Amino acid sequence: MHESLTTMAQHILKKHFDASSIPVSWEHSKEEGHGDLSTAVALQCAKQLKKNPKEIAEILAKELKNEKGIDNTEVAGAGYVNVWLSPAILIKQLNETRKACTAKVKRENEPPVIFDYCGPNIAKPLGIHHILPHVIGQALINIYKHNGDNVIGWNYPGDWGTQFGKLAVAYGKWGEGKPVLEMDIDELLALYVRFHSEAESDSSLEDEGRAAFKKLEEGDKELRAFWKDAVTVSKRSLEKLYERLHVNIDKETGESFYEDKMEEIIKEGEQKGVFVEGEEGALIVNFPEEKNLSPYMIRKSDGSTLYATRDLAQIRYRIDECNPEAIYYVVDRAQSLHFDQLFEVCNQLGWDLPELEHTVFGRMSFRDAKMSTRKGTVLRLEEVIDEAVKRADKVIEEHGDKIQTDDREDLAEMMGVGALTYGVLSQNRKMDIVFDWDKFLSFDGNSAPYLQYTHARAMSVLRKAEKEEVDIPEEVESLSDRERSLVNVLLKYEKVLLEARDTRMPHILTNYLFALCQEYNSFYNSEPILKAEEPDRTLRLCLTSLTASVLKSGAEILTIRVPDRM
Ligand code: ARG
């Protein structure tokens with residue numbers, strides 16, 4: 001419909017102003033009562049045509065009104081043209097919405113887009129803030145996959161570095177000979193924590209830790225075996241969490257994987273004069289003054305490599321192996337300087353680069369003071385998930401009159417995990433992300449439980465009508481205001497998905513789903529559905545079925561499950 005409207009508008013512009021090939025785009029109207037579609041073309045081409053925008057808009061409005069499929073038009077503001085489509089045309093477009101609920105076929109032959117995400121640091125349990133690179137990353141990957149993009153969700157665990165030297169020293173001193181594989185992640189953490197507290201009074205420990213990592217890098221057999229087991233223990237605990245969070249990794253290479261790939265790059269950098277000697281024989285990169293970047297260390301004075309060195313090798317490897325179109329790093333804002341430096345080093349090395357982006361997210365802060373001031377170790381993600389599920393179960397109990405379920409445990413899991421994920425994904429990732437139990441679990445706000453309840457409500461209407469999918473009716477003569485406005489929200493789904501993809505902003509999708517829930521619920525509360533007369537009944541059931549499909553499709557893209565019944 002957008003295309004034929006565009007052709008019509010261009011035709012009119014040609015006829016009246018002899019202007020050809022003026023681009024005309026249509027937006028879904030933002031507010032109710034302003035038509036279904038709107039264009040700003042009169043404002044955009046006024047200069048070129050040397051005419052008053054209002055004058056152009058008046059002509060467009062007048063002529064478009066006579067076209068088939070258009071019920072009404074108006075000029076708004078300084079020169080916008082709003083258009084009301086005929087009900088039949090409007091409803092017909094819902095076919096596109098239905099299509100948008102299914103993922104497109106993957107375009108295998110395109111160069112891939114890589115998302116670097118998760119990045120858990122091995123040998124430490126995940127803290128609550130780690131939920132961010134996991135769910136933001138997975139949501140983005142799912143948005144791209146849904147669009148048919150050739151995406152690789154690539155996990156880059158921190159399984160290398162000085163911390164393993166420290167852990168090995170701690171294990172040697174206080175591990176009491178217990179085989180590492182019999183330990184769990186908490187025991188490893190306890191060793192690590194002890195190392196740091198003892199190192200406060202005994203500074204030689206730090207040196208010991210660094211020396212142990214150097215030995216590990218040099219290939220010491222015993223240390224290697226220890227490292228391997230520690231990684232295994234961590235992975236075990238991660239797997240469970242990933243399953244609960246619906247994190248599905250396509251490919252994984254940890255920092256250790258790049259161990260033998262750094263030497264070559266170091267040589268290249270030295271040869272090209274990009275890596276130069278810094279203090280005490282370390283290898284560094286100095287940036288030109290206008291870049292405003294502090295020096296970047298590539299190799300320490302004792303010869304060991306760093307996070308930075310491995311990240312360089314990681315980019316080289318991905319380019320050589322996959323020839324990607326882009327690599328997006330879903331990583332904490334605290335690492336902005338690191339990525340600025342890293343990307344600039346790649347430039348200085350003269351590499352032929354894909355698009356590189358630090359897809360940042362902000363810090364997590366807590367509404368509940370108790371959570372932010374908790375002493376000692378970090379608040380663990382697993383504990384918070386368990387707590388969320390417990391709280392969700394309470395919500396189910398409190399709403400016992402409204403909620404019916406045959407599997408309360410599963411529903412609580414779905415609601416609890418969903419509440420955390422939704423809570424994160426409903427916020428603009430570039431800002432600080434506020435953790436707020438009340439908001440996350442609210443039953444009638446911008447939250448997972450509200451989305452889940454609305455989906456279940458729509459499904460229950462369909463169940464009562466004994467329908468699953470309802471065909472889009474071909475002949476619709478009139479639409480009530482509520483129907484029209486629900487249709488218009490449904491019609492936006494396709495565009496919203498694209499916008500969330502292009503900006504890599506999952507909250508655009510989340511907040512759209514919220515708007516759809518609100519719209520459906522006011523429709524549900526004001527129009528009879530099952531008791532309506534035909535043809536209204538079929539139309540309303542069709543809108544109900546589309547609402548359920550969009551909610552389910554959108555929620556699953558965001559890694560959130562929705563129940564058919566609750
Ligand atoms: N493990 C890192 C951290 O926790 C995140 C890894 C991000 N990815 C990357 N390619 N550097 O800080």
Side-chain angles (χ1 to χ4, degrees), residues 112-138 140-141 151-167 185 188-189 192 213 227 230-231 234-235 237-238 241-242 245 247 249-259 261-262 265 296-298 305-322 324 326-346 351 353-364 377-381 429 433 504:
V113 168
I114 294 172
F115 278 92
D116 179 304
Y117 76 133
C118 300
N121 289 327
I122 298 295
K124 283 187 225 167
L126 293 186
I128 173 62
H129 56 283
H130 286 113
I131 194 173
L132 303 176
H134 286 82
V135 306
I136 296 172
Q138 190 64 55
L140 287 172
I141 290 161
V151 213
I152 307 174
W154 201 321
N155 185 13
Y156 183 69
D159 62 356
W160 206 240
T162 324
Q163 74 266 30
F164 285 96
K166 295 177 181 174
L167 192 61
I185 189 81
L188 287 183
L189 177 70
Y192 195 73
F213 177 57
W227 166 78
V231 170
S234 298
K235 292 234 167 116
S237 88
L238 284 173
L241 270 174
Y242 283 13
L245 289 172
V247 168
I249 286 155
D250 295 320
K251 200 170 161 76
E252 176 176 308
T253 49
E255 288 183 41
S256 67
F257 176 80
Y258 298 96
E259 204 206 334
K261 298 171 181 56
M262 291 183 276
I265 294 170
Y296 195 49
M297 198 189 283
I298 299 291
T305 60
L306 300 100
Y307 181 56
T309 333
R310 294 185 279 282
D311 251 343
L312 262 179
Q314 156 273 113
I315 295 188
R316 186 69 259 166
Y317 178 79
R318 286 168 175 168
I319 296 176
D320 294 342
E321 286 298 302
C322 314
I327 313 179
Y328 299 122
Y329 294 87
V330 185
V331 182
D332 195 325
R333 190 171 58 213
Q335 295 195 29
S336 287
L337 173 62
H338 164 75
F339 283 105
D340 286 347
Q341 294 168 317
L342 177 66
F343 298 162
E344 184 49 31
V345 172
C346 296
W351 291 354
L353 295 168
E355 179 192 352
L356 297 173
E357 177 186 88
H358 177 197
T359 309
V360 289
F361 53 81
R363 293 191 45 196
M364 185 174 259
T377 52
V378 282
L379 196 52
R380 292 180 45 175
L381 179 54
R429 66 169 164 80
I433 290 165
R504 285 177 287 293

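What you see is a predicted model; the values in this text were computed from it and never measured. In listed order, ligands and their atoms are each counted from 1. Counting begins at 1 with the first residue of the sequence.
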Can you name the atoms of ligand 1, numbered from 1 with element, that are less than 4.0 Å from a heavy atom of [X]?
| X | value |
| --- | --- |
| G119 | 1 (N), 2 (C), 4 (O), 5 (C) |
| Q314 | 10 (N) |
| V331 | 7 (C), 8 (N) |
| Y329 | 10 (N) |
| N121 | 1 (N), 2 (C), 3 (C), 4 (O) |

Would Q335 count as a contact of ligand 1 if the rule is a heavy atom under 4.0 Å away?
-> yes

Ligand 1 to [X] polar contact by distance, N or O atoms, under 3.5 Å:
| X | result |
| --- | --- |
| D116 | yes |
| D311 | yes |
| Y156 | no |

For a side chain to side chain donor-acceptor pair (under 3.5 Å) with Y329, tell me which candidate from E357, H338, Q335, Q314 qualifies.
-> Q314

For atom 6 (C) of ligand 1, the option (of Y117, W160, Y307) bearing the nearest heavy atom = Y307

Could you check if a side-chain atom of R310 sits within less than 4.5 angstrom of a side-chain atom of Y156, using non-hydrogen atoms only?
->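 They are in contact (side-chain heavy atoms under 4.5 Å apart), so the answer is yes.
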
Pair K235 + E252, salt bridge at N-O below 4.0 Å = yes

In terms of side-chain geometry, is the basic nitrogen of K261 or E321 positioned less than 4.0 Å from the acidic oxygen of its partner?
->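 Here K261 does not pair with E321 in a salt bridge, since their nearest N and O are not under 4.0 Å apart.
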
Measure across A230 and L167 and return the closest heavy-atom pair with its distance rounded to 0.1 Å.
->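 Looking at all heavy atoms of both residues, the closest pair is CB-CD2, 4.4 Å.
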
Reported CZ-to-CG distance for the pair F343 and D311, which is rounded to 0.5 angstrom |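 The CZ atom of F343 sits 8.5 Å away from the CG atom of D311.
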
Inter-residue atom distance E259.CD - T305.OG1, 0.5 Å rounding = 8.0 Å

For ligand 1, which part of F339 has a heavy atom less than 4.0 Å away: the side chain, the backbone, both, or neither?
-> side chain

Answer yes or no: is there a donor N or O on one side and an acceptor on the other, between the side chain of N155 and the main chain of G119, under 3.5 Å?
->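 Yes.
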
